[in-house]
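These numbers were taken from a predicted model, which means no experiment stands behind them. No hydrogens, no waters, no symmetry mates; every other heavy atom, side chains included, goes into these values. Counting begins at 1 with the first residue of the sequence.
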Amino acid sequence: MKRLMAVVLWGCLLAGPARAAIDVHEFSSEAEHARYKHLTEVLRCPKCQNQNIADSNSPIAQDLRREVSRMLEEGRSEAQIIDFMVARYGDFVLYRPPFDLRTVMLWLGPAVLLLAGAGLVGVLVARGRRVRNVALTEDEHRRLADLLGASRNDETAP
């Protein structure tokens, strides 16, 4: 029984790496391989959203890697490949989309929110200081003294 369990365990351990997908792309030069690596690192996977196509194992990332490899073999430049991907998948496929009218909120939104938050904190702090510096009238001083005296009497009463 122990031998059977050992065989099953070894089978499971050896079958895992066999299922992993490995993309093998042949390049004519080391420079072309470096361009491929750079492109797969700057293009975002449309499915995974937080991974580039080099790190993603999704089927669409595999297709995009094959497409990048094919276009490099055809002799296209990096700009042409990126333009093709943007035309097909939109600016979302880029980790650093261009600064234009469509992406202005993406680029300026965090700064606007940060400034609005700092402004709100400033207003609240100023309002708090203003409230503390308000002087009481004579009538308010007497009323406060009466209230404090009444509360002290309540605490000392048995």
So which atom in L64 and which in I53 form the shortest heavy-atom distance, rounded to 0.1 Å?
CD1-CG2, 3.7 Å
Is there a path of hydrophobic side-chain contacts, each under 4.5 Å between heavy atoms of I/L/V/M/F/W/Y residues, joining L114 to M105?
no
Between R44 and Q51 (side chain of the first, backbone of the second, donor and acceptor by atom type, cut-off under 3.5 Å), is there such a pair?
no
Can you name the nearest heavy-atom pair linking V93 to Y89, along with the distance?
CB-CB, 4.0 Å
Considering all heavy atoms of both residues, which atom of S56 and which atom of R65 are nearest to each other, and what is their separation?
O-NH1, 2.8 Å
So, taking the atom named CG in D83 and the one named CD in E78, what distance separates them when rounded to the nearest 0.5 Å?
11.5 Å
State, yes or no, whether a side-chain contact exists between V104 and D100 at a heavy-atom distance under 4.5 Å.
no
Do L94 and F99 belong together in a cluster built from hydrophobic side chains that touch within less than 4.5 Å?
no
Given the rule in the side chain to side chain contact (heavy atoms under 4.5 Å, CB included) test, do L43 and N52 qualify, once you have shown the distances and angles that lead to the verdict?
CA-CA 6 Å; L43 294 172; N52 55 30; over 6 Å; no
Any idea which heavy atoms bring P98 and W107 closest together, and the distance?
O-NE1, 3.6 Å
What's the shortest heavy-atom distance between N57 and Q62, and which atoms?
O-NE2, 3.4 Å
Do M85 and L106 sit in the same hydrophobic cluster, where Ile, Leu, Val, Met, Phe, Trp and Tyr count as joined when their side-chain heavy atoms come under 4.5 Å apart?
no
Is I60 linked to M71 within one hydrophobic cluster, defined over Ile, Leu, Val, Met, Phe, Trp and Tyr using a side-chain heavy-atom separation of less than 4.5 Å?
yes
Answer yes or no: is there an ion pair linking D63 with R66, defined by an N-O contact shorter than 4.0 Å?
yes
Co-membership, hydrophobic cluster, residues F92 and V42, 4.5 Å side-chain
no
When you look at CZ of R70, are more than 12 heavy atoms from neighbouring residues, nucleotides or ligands closer to it than 6.0 Å?
yes
Indicate the atoms forming the closest heavy-atom contact of S77 with R35, along with that distance.
CA-NH2, 3.5 Å
How about CD on E74, more than 12 heavy atoms from neighbouring residues, nucleotides or ligands closer than 6.0 Å, or not?
yes
Nearest 0.5 angstrom please: R143 CZ to E140 CD, how far?
8.5 Å
Interatomic distance, CG@L120 vs CG@L113, rounded to 0.5 Å, equals 12.0 Å
